[in-house]
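Quick notes on the structure that follows.
These numbers were taken from a predicted model, which means no experiment stands behind them. Each chain gets a letter, A, B and so on, in the order its sequence line appears, and its residues count up from 1.
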Protein chains: 2
Amino acid sequence: MTPPTETKTPARATTTATTKTTKTPAQATKAVTLLDVATRAGVDRSVVSRVLRDDPRLNIREETRERVLEAVRALDYRPNALARSLRTRRADTYGLLIPDFGNPVYASIIQGAESAAIARDCVLMTGSVGAGAEQAAHHLDVIGRGRVDGLLLAGDHTDRAQLDELDRRGIPWLLVNRRLPRARRWVVLDDEEAAGLAVRHLIGLGHERIAHVAGPRDADTARRRMRGWRTAMRAAGLATPARAVVVSDYTPEGGARATRELLARAERPTAVLVANVAAAIGTLSAAAEAGVRVPEELSVVAVHDLPLAAVLRPALTTVRTPLERLGARAIELLASTAPDAPIEEVVDGELELVERASTAPPAASS
Amino acid sequence: MTPPTETKTPARATTTATTKTTKTPAQATKAVTLLDVATRAGVDRSVVSRVLRDDPRLNIREETRERVLEAVRALDYRPNALARSLRTRRADTYGLLIPDFGNPVYASIIQGAESAAIARDCVLMTGSVGAGAEQAAHHLDVIGRGRVDGLLLAGDHTDRAQLDELDRRGIPWLLVNRRLPRARRWVVLDDEEAAGLAVRHLIGLGHERIAHVAGPRDADTARRRMRGWRTAMRAAGLATPARAVVVSDYTPEGGARATRELLARAERPTAVLVANVAAAIGTLSAAAEAGVRVPEELSVVAVHDLPLAAVLRPALTTVRTPLERLGARAIELLASTAPDAPIEEVVDGELELVERASTAPPAASS
DNA sequence: CTGAAAGCGCTTACAG
DNA sequence: CTGAAAGCGCTTACAG
């Protein structure tokens, strides 16, 4: 009705460009809103909203619905997620906390979680906590501000106090790939079976002195893989002396260090199960450095497969684990389970021994 | 004033638990709101808000301010980020799109961007687009719904049409580690210099036949590294024939394939610059497979350093690049630059040749 | 069968 | 110096 007033700004022209003109088409790109769509379609905002969310309690003439959808298309309307979330009290966002983006094992978990989140029309926010506890604090703080509907906790930087804090704030959480005492919400892989599979492969090749480069003492995965090693050894009547085990972390450097220690011991093993593929890279490196030939003098097998494993020298035999499925399953469980209900799940199936060049029968020499 | 009414629900007791009781302390964990804090402190909500954001236009008695802060602490109040964002029209969130979480080069970029976002009290949302274009579409769609204040685009899945779409929606974007024709907002590393540094290292060792395992033809980084290789070669009076170049992608498998091709050619090089560290892993693998000893028969150097490089056999000589700084700088530029202003920045300094075991003088045999 | 209204939890110009 | 009010863009019980 009222035509755009030509605002003449005489003397007091300032540098600020925020003169409120009545719509300047090219500029400003003011976001299209529900009201814009409603106006164009000649209906109320609420009708547009209901059409878009397919409200079953909405009986509308097909013709009107068409008009609404046409307006949505014409204006390329995209509902504002923040406004929607404020109203519905659902952020449609899940958080995932990992130790470090550089760890390729977590890459697969992230990938799985991301796909599952997308499949639910949600968004995944992944943060790393690294070495610095202050980064973890930041993430927990942010998360407390209503930005996520739930939080996946992978990696070792979670303690009981943090879980209590999340409980207090009413934010559902789920431990991924690890457990914690008194925390009855977790989803993990069958680490024990993965380790067992690797050991049985070595035993099948004829090995008897099979060492274990284990993960960190306080890591839940490490304990379960160690148990798998021990159980499989005993089942075959083989000894599991303390000297056959050396503790490492899940990095190449750690694996190298641990392997050096192992190779320096009196009675050298003919084979070794490394608890983690990244550490196993270090094992190969340490063996080469010590002049120990793999697989002739030392067979090496590791838990978790990676594209990288195929391209190492020698190519690394691994146990493939469903890491991506673990991430996806974690989102599904988090999204579909009541916040106070326990979740205790071992992701099933899909363990597979990927035989490459790093394992072979022991040399006849012994 | 009115005491909690004891609601006796006689006959029509249903299963639903949402009987509106006047505060049930233990249960429900209703989020603390601004009003709760205001009520406890005996002031208006607006005062609390201003105290918390340190509004300079607020003159308040020190005593009152104390009371407010005390209430905030006592209730452990955390402002709702969604409500705040809706009002201020700032999501305090930046997006980052990468091709693949499994690529360790991007891990460093993410890490840098994450730290920078945290430093600005913002949140980073990282999504991967992988092979599937539909995942990219999902992310772009989500981003169009007001969830981010700006978007970092790393990786090759961006085309001009997507940028136009973002422009239309008024979402500031910035290309990271790549450029695109007619897209004047990017931040990159000094790829040319990085490649040059590597080549000069090889030349310094006495090499003359220096091949190049290049990146993908359409990758901007690949072109710049190739130019660096060529320029450094010519500056030393060395030839850069077409047969000295072989195209690869930035994966170990691709690097292995390309290197096999290179080694099969008539006149074998004594050294090779691999455009990317991941591809160089494949180069080592292919060399070993072909019985070509590194570095005795072939020196190998790659762009980008990784912890992994130190633990390969032989340990890989690399050019360390400030990837983390690239990610951090990208966030800073995105946050501090007007959406329509051009950004064309080469992250400066910090290139360093990390000499390990994969490079040595050429064998005297030639 | 459709519209008007209230409200999610904030921030911020505006009164008093 | 502090409070009341409007409004960000949605959704959803409630009227008519």
Candidate list Thr126(B), Leu151(B), Val148(B), test side-chain contact (heavy atoms from CB on, under 4.5 Å), partner Leu96(B), passing option
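Output: one option passes, namely Thr126(B).
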Would you confirm whether [X], through its side chain, and [Y], through its main-chain N or O, come within 3.5 Å as a donor-acceptor pair?
{"X": "Thr158(B)", "Y": "Ala154(B)", "result": "no"}
{"X": "Arg160(B)", "Y": "Arg182(B)", "result": "yes"}
{"X": "Arg45(A)", "Y": "Ala38(A)", "result": "no"}
{"X": "Arg185(A)", "Y": "Pro339(A)", "result": "yes"}
{"X": "Arg145(B)", "Y": "Arg78(A)", "result": "no"}

Dot-bracket encoding of pairs in DNA chain D, which uses [ ] for pseudoknotted crossings and | for another strand, Watson-Crick or G-U under 3.5 angstrom
|||.||||||||.|||
Salt-bridge criterion met for Arg329(A) and Glu332(A) (N-O under 4.0 Å)
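Looking at Glu332(A) together with Arg329(A), the answer is yes, because their closest N to O distance falls below 4.0 Å.
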Atom CD1 in Ile343(B), atom OG in Ser336(B): separation rounded to 0.5 Å?
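The CD1 atom of Ile343(B) sits 7.0 Å away from the OG atom of Ser336(B).
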Please report the C-alpha distance between Arg53(A) and Ser49(A) in whole Å, then the side-chain angles of each, then the deciding distance to 0.1 Å, and finally whether the side chain to side chain donor-acceptor pair (under 3.5 Å) criterion is met.
CA-CA 6 Å; Arg53(A) 3 214 92 273; Ser49(A) 176; 4.5 Å; no
For DNA chain C, which nucleotides open and close the run of contacts to chain A, 5' to 3', at under 4.0 angstrom from a non-hydrogen atom?
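Using the under 4.0 Å cut-off, the span is dC1(C) to dG9(C).
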So what does Arg50(B) touch, heavy atoms closer than 4.0 Å: a base, only the sugar-phosphate, or nothing?
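Base contact - Arg50(B) has a heavy atom under 4.0 Å of at least one base atom.
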Just checking Ile60(B): base, sugar-phosphate only, or nothing, at a heavy-atom cut-off of under 4.0 Å?
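Sugar-phosphate contact only.
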Mark yes when over 12 heavy atoms from residues, nucleotides or ligands other than Arg184(A) sit less than 6.0 Å from its CZ; otherwise mark no.
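Counting other residues, nucleotides and ligands, CZ of Arg184(A) stays at 12 neighbours or fewer.
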Contact residues, residues 39-49 of chain A to DNA chain C [heavy atom, < 4.0 Å]:
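Only Val43(A), Asp44(A), Ser46(A), Val47(A) qualify.
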Residues within residues 75-93 of chain A bordering DNA chain C, heavy-atom distance below 4.0 Å
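Close to the strand are Leu86(A), Arg87(A), Arg89(A).
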Could you give all pairs that pass the side-chain hydrogen bond (donor to acceptor under 3.5 Å, both in side chains) test and reach residues 82-100 of chain A, with sequence neighbours left out?
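For residues 82-100 of chain A, and leaving out neighbouring residues, the side-chain hydrogen bond (donor to acceptor under 3.5 Å, both in side chains) pairs sorted by first residue read Arg84(A)-Asp92(A), Arg90(A)-Asp92(A), Thr93(A)-Arg147(B).
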Does the side chain of His138(B) pick up a donor-acceptor pair with the side chain of Glu114(A) at under 3.5 Å?
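Judged by distance alone, the side chains do not pair up.
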Listed by chain and number, what are the salt bridge (charged side-chain N to carboxylate O under 4.0 Å, His left out) partners of Glu324(A), not counting sequence neighbours?
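By the salt bridge (charged side-chain N to carboxylate O under 4.0 Å, His left out) rule, Glu324(A) matches no residue at all.
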